[in-house]
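Take a look at the structure below.
Each ligand, and each atom within it, is numbered from 1 in the order the structure gives. Computed from a predicted structure; not experimentally measured.
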Amino acid sequence: MTHFDIVPVAPSDHALTEAWLDLQEAVDGHDFAGLRPRGPVWPLMRLVVGGGDTRREHWAAVCDGKVLGHLDLNFSDQDNTHLLGFTLGVHPAERRRGVGSALLRHAEERAAEDGRSTLHCWTAVPHESSPLVRGDGGSFLVSKGYKGSLDAAIRKVDLDQVDESALDRLLDEAWERAEGFELVPFEGAPPEELLDGMAYLHSRMYTDMPLGEWDLQEADIDRGRLLDWSRQRRRRGELHLQVAVRHKESGEVAGFTEIVVEAGEERHCSQGDTIVDPRFRGHRLGTVLKVANQRRVREWRPKMRYVWTGNAVSNEYMISINEAVGYRLAGQERVFQKTIA
Ligand SMILES: CC(C)(COP(=O)(O)OP(=O)(O)OC[C@H]1O[C@@H](n2cnc3c(N)ncnc32)[C@H](O)[C@@H]1OP(=O)(O)O)[C@@H](O)C(=O)NCCC(=O)NCCS
C-alpha cells in the first residue's frame, strides 16, 4: 500500500495542476486509446469555470509531489440532488496498490456528507469496435459493488469520408416530409424567441431518452439555466453550433441538435443532444437537423475531421439517423451506478 494524501486541486498551484493534467493524459492514452482523445484544455476548463447549477470538486492522490490518481466529482444542485457523478483514474504504473480504492472511498464519503444516495460514473468498456480500450475501470467498479445500468454505443463520423451527394438525396427526401417547418441555425445562446422552447426541449432530454436502469430523474430546465450554460461555454471558449427546427404556422420549436467544439480542439468535436418534440415526430426532422448542423461544422472549422456521439444501444431511431449521415461504430461505454443509502 503506497502512502499518499488526497488533496483538492487548486488552479493557483501550477505544479500540482500540471501533474494532474499529465496524469489524466497518461490514463487516457493507456486505457482509452482509439477513442476521442482529450487534450489538457478540457479538464483545465472544468477546473476553472464552474456553473450555477453544478458544483465540481477535483481531487488528486499525491505522494512526494507526484500525482498518482485523480477524482472529479459533479454535484448537480437543481435537479437529481440524489446523484453524485464521478470520474477517477490512476496512473498505469501505480495500479493495484489501493489508490483507486481510496479515491472511490473518498467519493462515497463526499456523497454521504452531501446527502447523496447514488453514485454514478460513465466509462468506456471493451468492445470489438475499439480493440485498444482496456476494461480495468469496469472490472474495478464491479468489484466495488457498482452495477452496469445503461450501455451506450460510441460512434464517430469522419467528415472527410462523408458522401455529400448521398446526404443531398437524403435531405431532399426528408424535406418532402418536413413541409411546414423551417431551420434556425445559431451559435451560443439561443435567440430570445427560441429560449423557452429550447429550455422545454432540454428538459425533455431527461425523460425522453432511453435510460435503462440509470437513476437519472427529470429536470426542469428554464431559460435562466440555459443562459447560464451558454455563459459557461463562452468562458470555456467553446463553439456551440446549434440548429433548431420551427413549426412555421405555430412558431413552436419542434426540435434541435447541437455540436460542441471545445477550446484547443482542431480535429475532434462532440455531438450533444438531439431531440424532436413528440408532437412533431414522423416528419424526418431529426435527419434534417443532423445534416444541417454537420455541414455547419466545416463552415466554421474547415479542417475539423471527426464528430463523436454516444447513444443508448436501444435508441434505434437515433442510431439509424446517425448511420445514415455517416456515423460508424467506434466503441461502447457504460453507466456504472451504486446506491449507498
Ligand atoms: C479503475 C482504476 C481507477 C483502479 O485503480 P487501482 O489503483 O488499480 O485500484 P486498487 O488498487 O484500489 O484496486 C482495488 C481492487 O479493485 C479490483 N480491481 C482493480 N483493478 C482491477 C482490474 N483491472 N480487474 C479486476 N479487478 C480490479 C481488485 O479487486 C483490486 O484489489 P486487488 O488488487 O487486491 O485484486 C484504474 O484501473 C484506472 O485508472 N483505470 C482507467 C480509468 C477508469 O477506467 N476509471 C474508472 C471509471 S471513472
Side-chain angles (χ1 to χ4, degrees), residues 1-7 9 19-40 42-43 46-47 54 56-64 66-76 83-111 116 118-127 129-154 212-216 270 308 310 330-340:
M1 172 92 177
T2 318
H3 265 297
F4 52 87
D5 296 311
I6 297 179
V7 300
V9 180
W20 173 80
L21 292 171
D22 288 346
L23 172 278
Q24 292 181 68
E25 282 201 88
V27 171
D28 261 12
H30 181 261
D31 291 84
F32 306 117
L35 296 182
R36 187 195 162 160
R38 289 276 183 206
W42 190 79
R46 270 146 193 81
L47 180 67
T54 307
R56 292 205 188 89
E57 293 182 3
H58 302 276
W59 299 89
V62 179
C63 174
D64 294 335
K66 202 171 150 195
V67 173
L68 310 181
H70 78 100
L71 169 70
D72 304 313
L73 302 176
N74 270 309
F75 300 80
S76 44
L83 291 180
L84 174 63
F86 72 92
T87 308
L88 61 81
V90 172
H91 194 282
E94 305 289 346
R95 294 194 183 164
R96 307 305 281 260
R97 293 175 194 172
V99 181
S101 299
L103 288 169
L104 189 61
R105 208 162 38 242
H106 191 68
E108 293 180 359
E109 282 167 12
R110 289 293 300 119
R116 313 236 160 191
T118 306
L119 288 100
H120 69 128
C121 154
W122 282 84
T123 190
V125 292
H127 190 259
S129 59
S130 56
L132 300 178
V133 169
R134 297 170 59 99
D136 294 8
S139 306
F140 165 77
L141 290 169
V142 167
S143 81
K144 301 289 185 187
Y146 285 73
K147 286 210 176 78
S149 311
L150 176 70
D151 274 354
I154 300 170
E213 305 287 307
W214 184 26
D215 190 21
L216 187 73
S270 302
W308 292 80
Q332 185 143 327
E333 54 191 342
R334 186 165 295 154
V335 181
F336 288 90
Q337 175 176 285
K338 180 177 163 185
T339 298
I340 56 167

Which residue and atom name correspond to the protein heavy atom nearest [atom], and how close is it?
{"atom": "atom 25 (C) of ligand 1", "value": "Ser139 CB, 3.3 Å"}
{"atom": "atom 30 (C) of ligand 1", "value": "Arg96 NE, 3.8 Å"}
{"atom": "atom 39 (O) of ligand 1", "value": "Val90 N, 2.6 Å"}
{"atom": "atom 19 (C) of ligand 1", "value": "Phe140 CD1, 3.6 Å"}
{"atom": "atom 17 (C) of ligand 1", "value": "Ser143 OG, 3.3 Å"}
{"atom": "atom 44 (O) of ligand 1", "value": "Gly137 CA, 3.1 Å"}

Which ligand 1 atoms does [X] reach within 4.0 Å, using its non-hydrogen atoms?
{"X": "Val99", "value": "7 (O), 12 (O)"}
{"X": "Arg95", "value": "8 (O), 36 (C), 37 (O), 38 (C), 39 (O), 40 (N), 41 (C)"}
{"X": "Leu88", "value": "3 (C), 42 (C), 43 (C), 45 (N), 46 (C), 48 (S)"}
{"X": "Gly89", "value": "39 (O)"}
{"X": "Arg97", "value": "11 (O)"}
{"X": "Val27", "value": "41 (C), 42 (C)"}
{"X": "Cys121", "value": "47 (C), 48 (S)"}
{"X": "Gly100", "value": "5 (O), 6 (P), 7 (O), 9 (O), 12 (O)"}

Report the C-alpha distance between Phe4 and Val62 in whole Å, list the side-chain angles of each, state the deciding distance to 0.1 Å, and finish with yes or no for side chain to side chain contact (heavy atoms under 4.5 Å, CB included). CA-CA 5 Å; Phe4 52 87; Val62 179; 5.9 Å; no
At their closest point, which heavy atom of [X] faces which heavy atom of [Y], and how far apart are they?
{"X": "Asn74", "Y": "Thr54", "result": "OD1-CG2, 3.6 Å"}
{"X": "Ser129", "Y": "Gly331", "result": "OG-N, 3.0 Å"}
{"X": "Val133", "Y": "Ala124", "result": "CG1-CB, 4.1 Å"}

Side-chain touch Thr123/Phe32, heavy atoms, less than 4.5 angstrom: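 Result yes, sub-4.5 Å side-chain heavy-atom pair found.
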Which distance, rounded to the nearest 0.5 Å, do you find between the CG of Leu132 and the CG of Asp31?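 Output value for this atom pair is 11.5 Å.
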Nearest-0.5 Å distance, NZ of residue Lys338 to CD of residue Glu108: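 Reported value, rounded in 0.5 Å steps: 4.0 Å.
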Pick from Gly69, Gly85, Gly98, Ala124: the one approaching atom 11 (O) of ligand 1 most closely through a non-hydrogen atom: Gly98
Looking only at non-hydrogen atoms, which of Asp136, Asp28, Asp31 approaches atom 41 (C) of ligand 1 most closely?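 When every heavy atom of Asp136, Asp28, Asp31 is considered, Asp31 comes closest to atom 41 (C) of ligand 1.
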Step by step, would you call Thr87 with His70 a side chain to side chain contact (heavy atoms under 4.5 Å, CB included)? CA-CA 8 Å; Thr87 308; His70 78 100; 4.2 Å; yes
Whether [X] side chain and [Y] backbone form a donor-acceptor pair below 3.5 Å:
{"X": "Arg56", "Y": "Asp72", "answer": "no"}
{"X": "Arg116", "Y": "Leu83", "answer": "yes"}
{"X": "Gln337", "Y": "Asp215", "answer": "yes"}

Is there a heavy atom in Phe32 that sits closer than 4.0 Å to ligand 1? yes
Apply side chain to side chain contact (heavy atoms under 4.5 Å, CB included) to residues Asp22 and Val67 and explain how you reach the verdict. CA-CA 9 Å; Asp22 288 346; Val67 173; over 6 Å; no
Under the 4.0 Å line, does any protein heavy atom show up next to atom 34 (O) of ligand 1? no
How does Ser101 reach ligand 1, by side chain, by backbone, by both or by neither, if only non-hydrogen atoms under 4.0 Å count?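 The part of Ser101 near ligand 1 is both the backbone and the side chain.
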